[in-house]
Amino acid sequence: MTDMLIYPKVTDYAVPFFILLILVEIAWITFKKRGGRYETRDAMTSLFMGVGSVVSGILLGFIAWNCFTFLWWLTPINLGASVLVVVICFVLDDLRYYWVHRFGHRVRWVWASHVNHHSSQHYNLTTALRQTWTGTFTLMMVVRAPLILLGFHPAMVLFVGGVNLIYQFWIHTEAIDKMPRWFEAVMNTPSHHRVHHGRNPRYLDANYAGVFIIWDKMFGTFVPEVQDEKVDYGLIHNIGTFNPIRVAFHEWVAIWRDWRQPGLTWKDRWNYAVKPPGWRHDGKGGSTELLKRRHVARNPETAGTPGFEDYKA
Amino acid sequence: MPLHILAPMVVVGLIIAWGAMRFAGCSQDLRFTTVEDARLHWLRHRPGAKPRDIIVAADGRAALVEVGSGLWLLRSFGIDSVIHHLGAAQVITVKQGLTLTFPEYDDPKARLTLTPKECTIWQARINAHQQETRND
Ligand SMILES: [Zn+2]
Ligand SMILES: [Zn+2]
């Protein structure tokens, strides 16, 4: 089917609000002396990553778009564009986001793109805009294919994806502690997403949700923010550069260098791309599981608590 | 939104955000005030690796940390810190101290401000460590 359906580019229209809210957050932190931290170079790097991500979308967006139009031409189903269909599309697309995001942390090829969102040791509204430049190369657009084949128009799928990203902007803050109980139960919130950005063993590989936290609860990846364990933001191996080019490409370079090690088989190279980050062919690599196990060994009282449910002292 | 509106809006936004952060005093560097302070920063990066020895540079922006896995650099990075193993570091003496270059793409260089006396000590420690790992 080739009918036209046009939605506004919502992320573009959100830009002035993003800027305004960042200024409000800076002012809030400055005057209240709590609710987060800002560092100029870190925040500017995040903002440049956001700009670069938009540019990359303009330059490479056509690849995904052409794939989607092809699938739309292929499918015999057209669900139309009623409000109900848009709402269903939004919910299903959020499920799509959950899985893309989960792959983004568990498959190194996808992590190479997503890592830069986690490469800041800060957590404020600018961190939300620290977005990838290399998403197209992960080929994760295939996870959107079922939606289009089911009869959701490609323009609608991209529109609800944009709304999803806008929702996630405001949750990147330490200025909000907890939302009302019912809201925390259903929606992704600053508290839940702080956990996702944590490098504490307790918080690793948790809370992949975009808008609805229910996916994490359904698929067993939910970890609540624990009152007496403050989130330590960033990566297991924090990067030492503010250069946006290095931030954008460092994990791709690392994969390339791992591939070029002498004595590798093609299976090793495949594994360097698809195994979780930290995997090594010589067995000397790290993993989330190893870090959690070591943490529980050092702190036996944490065994069985949130994030360590499956670990015994 | 047309690019001729979006682009200037973004540029102006970036400038205002930068100005606001300068004004709010967000541009300071982290300093390690004591050995204990440096130790706490180290342990944040590597909770399991208890330091055997730490020397903090006089300007407080860098420290040499010795642990079981060898010699590491802990340095201030904005108001945070980063660590780097010194096994493969290239050391260059410059006027204000030492410049270390690393093979890793995500942390290629560290410029350290050190007194001449510190320079000698740090360089000797790094050389000794690299010699040791080569002999292993
Ligand atoms: Zn993530
Ligand atoms: Zn995030």
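Chain letters run A, B, ... following the sequence lines, proteins first and then strands; every chain starts at 1.
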Counting only heavy atoms from other residues, nucleotides and ligands, does the tally under 6.0 Å from CH2 of A:W65 exceed 12? yes

Relative to B:Y105, does A:R257 satisfy both conditions: NZ or CZ under 6.0 angstrom from the six-membered ring centre, and within 45 degrees of the ring's axis? no

Charged N-O contact under 4.0 Å between B:R44 and A:D232: yes

Within this structure, what is the CG-CG distance for the pair A:N116 and B:D106, rounded to the nearest 0.5 Å? 12.5 Å

Looking at B:D80 and A:R37, is any side-chain nitrogen of the basic one under 4.0 Å from a carboxylate oxygen of the acidic one? yes

Heavy-atom count check: over 12 atoms from other residues, nucleotides or ligands less than 6.0 Å from B:Q90 CD? no

From A:T30 OG1 over to B:F23 CZ, what is the distance, rounded to the nearest 0.5 angstrom? 8.5 Å

Of the listed B:R46, B:K109, B:H84, B:R22, the one with the largest count of heavy-atom pairs under 4.5 Å with chain A is B:R46

At a 4.5 Å cut-off on heavy atoms, which part of A:L291 comes close to chain B: side chain, backbone, both, or neither? neither

Would you say A:Q121's side chain and B:S81's backbone share a donor-acceptor pair under 3.5 angstrom? yes

Measure the OH-CD1 distance between A:Y38 and B:I79 for me, rounded to the nearest 0.5 Å. 12.0 Å

Using modelled atom types only, decide if a donor and an acceptor are shared between the side chain of A:R199 and the backbone of B:H45 within a distance under 3.5 Å. yes

What option among A:E39, A:K9, A:R294 has the most heavy-atom pairs under 4.5 Å with chain B? A:E39

Turns out that what part of A:H122 lies under 4.5 Å from chain B's heavy atoms comes down to side chain

Please look at B:I16 and chain A and tell me whether the side chain, the backbone, both or neither of the residue comes under 4.5 angstrom of a heavy atom of that chain. both

Residue by residue, which of residues 237-245 of chain A have a heavy atom closer than 4.5 Å to a heavy atom belonging to chain B? A:H237, A:N238, A:I239, A:G240, A:T241, A:F242, A:I245

Listed by residue number, which members of residues 12-25 of chain A have a heavy atom under 4.5 Å from any heavy atom of chain B? A:D12, A:Y13, A:V15, A:P16, A:I19, A:L23

For atom CZ of A:R298, is the number of surrounding heavy atoms from other residues, nucleotides or ligands below 6.0 Å larger than 12? yes

Kindly compute the distance separating SG (B:C26) from CZ (A:R41), expressed to the nearest 0.5 Å. 12.0 Å

CD1 of A:I26 to CE of B:M21: how many Å apart, nearest 0.5 Å? 5.0 Å

